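Here is the structure we will look at, set down as structure tokens.
Here the structure is a predicted model, which means the values were calculated and not measured.
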Amino acid sequence: MATANTVEVTPYAKKKYNLTAPIEADVTRNYSRAIVAIASADGKLAQEELDWFVEEQRLVGIPSDIIEENIIKYDGRNANIEELLGGLHYDFPLNVRRCILYQAIKMSRADGIYHDKEKAAVAQAAQVLGIERNVVISLESLVEIEESADRLRLAMFETDVQ
């Protein structure tokens with residue numbers, strides 16, 4: 001059961017990430033800021049990147065006030081990724097370290113460009129989190145596969161595919 005200090009997750013969170021327990025609100029704040037910082041590593045946060053992450057967090061069940069403060073209004077361009085990731089504890093029913101990287105890659109690619117500085121920020125985050133390089137490559141490949149599957153689905157429906 002969710003409290004003022006926890007966030008109740010949605011059926012989407014269960015299906016997409018296998019989240020089954022409420023998340024501490026403080027964890028969602030640091031988590032969100034770390035991902036925004038990684039996606040901002042190229043010096044800007046594209047609207048498409050912001051839109052993807054805001055929608056994903058809404059679907060997971062993150063409250064609007066946390067999204068507003070820690071994603072929409074948060075300037076991650078000069079954030080210390082190591083410090084943000086150090087503020088997280090990993091008492092989750094999933095591998096949150098990999099999930100951070102997955103969502104950071106998804107957000108960074110949402111504008112159609114996975115900038116070298118974003119890749120470097122993902123690599124830095126992976127190092128801080130103790131994630132091996134082969135796992136990072138696997139996560140990047142997974143995101144590419146998902147993007148290709150989305151394009152294929154749209155093409156099969158004869159829609160205008162970009």
Side-chain angles (χ1 to χ4, degrees), residues 7 12-13 15-19 23 26-62 64 66-90 92 94-156 159-162:
V7 174
Y12 173 86
K15 180 178 180 183
K16 180 84 174 191
Y17 299 102
N18 203 25
L19 281 173
I23 307 166
D26 286 340
V27 171
T28 65
R29 289 179 181 93
N30 283 344
Y31 181 100
S32 297
R33 288 180 177 208
I35 292 173
V36 169
I38 293 167
S40 299
D42 62 348
K44 63 180 174 48
L45 189 60
Q47 189 63 49
E48 296 91 346
E49 293 171 336
L50 183 63
D51 291 347
W52 179 85
F53 194 47
V54 166
E55 180 63 16
E56 188 71 4
Q57 295 310 288
R58 283 188 178 134
L59 288 170
V60 168
I62 306 303
S64 296
I66 291 176
I67 291 172
E68 182 77 23
E69 176 187 346
N70 300 285
I71 300 173
I72 296 171
K73 291 184 178 178
Y74 182 68
D75 183 358
R77 290 178 292 181
N78 296 312
N80 183 324
I81 293 170
E82 194 168 328
E83 185 179 294
L84 289 168
L85 293 174
L88 288 175
H89 67 81
Y90 306 117
F92 274 76
L94 76 150
N95 188 325
V96 73
R97 296 173 305 130
R98 291 181 182 186
C99 192
I100 288 169
L101 295 181
Y102 169 79
Q103 286 194 334
I105 294 164
K106 290 282 282 191
M107 183 177 185
S108 294
R109 292 178 60 97
D111 64 347
I113 303 166
Y114 189 28
H115 195 279
D116 286 342
K117 290 182 179 179
E118 293 168 329
K119 287 180 187 179
V122 167
Q124 176 192 6
Q127 186 174 21
V128 170
L129 295 168
I131 302 290
E132 303 83 13
R133 177 75 183 128
N134 65 327
V135 173
V136 174
I137 292 168
S138 297
L139 289 167
E140 289 170 336
S141 298
L142 172 62
V143 170
E144 291 171 12
I145 290 168
E146 290 175 342
E147 289 171 357
S148 293
D150 288 342
R151 286 178 45 84
L152 176 59
R153 183 185 66 255
L154 293 174
M156 293 302 298
T159 63
D160 185 25
V161 179
Q162 302 296 333

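Taking SG of Cys99 as the start and CG of Leu129 as the end, the distance is 11.5 Å to the nearest 0.5 Å. Remark: Tyr102 OH to Lys16 NZ distance equals 3.5 Å, nearest 0.5 Å. To the nearest 0.5 Å, atom CD1 of residue Ile35 and atom CD of residue Gln103 are 4.5 Å apart.
If you check the side chains of Tyr31 and Gln57, you find no donor sitting under 3.5 Å from an acceptor.
The shortest side-chain heavy-atom distance between Arg58 and Tyr12 does not fall under the 4.5 Å cut-off. The closest side-chain heavy-atom distance from Val143 to Leu139 is not below 4.5 Å. Between Leu101 and Arg97 there is no side-chain heavy-atom pair separated by less than 4.5 Å. Contact check for Glu56 versus Tyr17: side-chain heavy atoms found under the 4.5 Å cut-off.
We find that Arg33 and Glu69 are joined by a salt bridge, their nearest charged nitrogen and carboxylate oxygen being less than 4.0 Å apart.
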inquiry  = I'd like to know whether Val128 forms a side-chain contact (heavy atoms from CB on, under 4.5 Å) with Ile81, so could you lay out the CA-CA distance, the side-chain angles of the two residues, the decisive distance to 0.1 Å, and finally the verdict.
reply    = CA-CA 9 Å; Val128 170; Ile81 293 170; 5.6 Å; no

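Judged as a salt bridge (Lys or Arg N to Asp or Glu O under 4.0 Å), and not counting sequence neighbours, the contacts of Lys73 are Glu68.
For residues 116-143, every residue pair satisfying the side-chain hydrogen bond (donor to acceptor under 3.5 Å, both in side chains) rule, not counting sequence neighbours, is listed here: Tyr114-Glu140.
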Enumerate, atom names and distances included, each donor-acceptor pair closer than 3.5 Å involving a side-chain atom of residues 37-51, sequence neighbours excluded.
{"unit_1": "Ser40", "atom_1": "OG", "unit_2": "Val36", "atom_2": "O", "d": "2.7"}
{"unit_1": "Asp42", "atom_1": "OD1", "unit_2": "Lys44", "atom_2": "N", "d": "3.3"}
{"unit_1": "Gln47", "atom_1": "NE2", "unit_2": "Asp51", "atom_2": "OD1", "d": "2.7"}
{"unit_1": "Glu49", "atom_1": "OE1", "unit_2": "Ala46", "atom_2": "N", "d": "3.0"}

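Dense packing is recorded around CG of Asn80, with more than 12 heavy atoms of other residues, nucleotides or ligands lying under 6.0 Å away. Enclosure of atom CZ in Arg153 by more than 12 non-hydrogen atoms of other residues, nucleotides or ligands within 6.0 angstrom is indicated.
Residues Ala110 and Trp52 approach most closely at CB-CB, 3.7 Å, considering heavy atoms.
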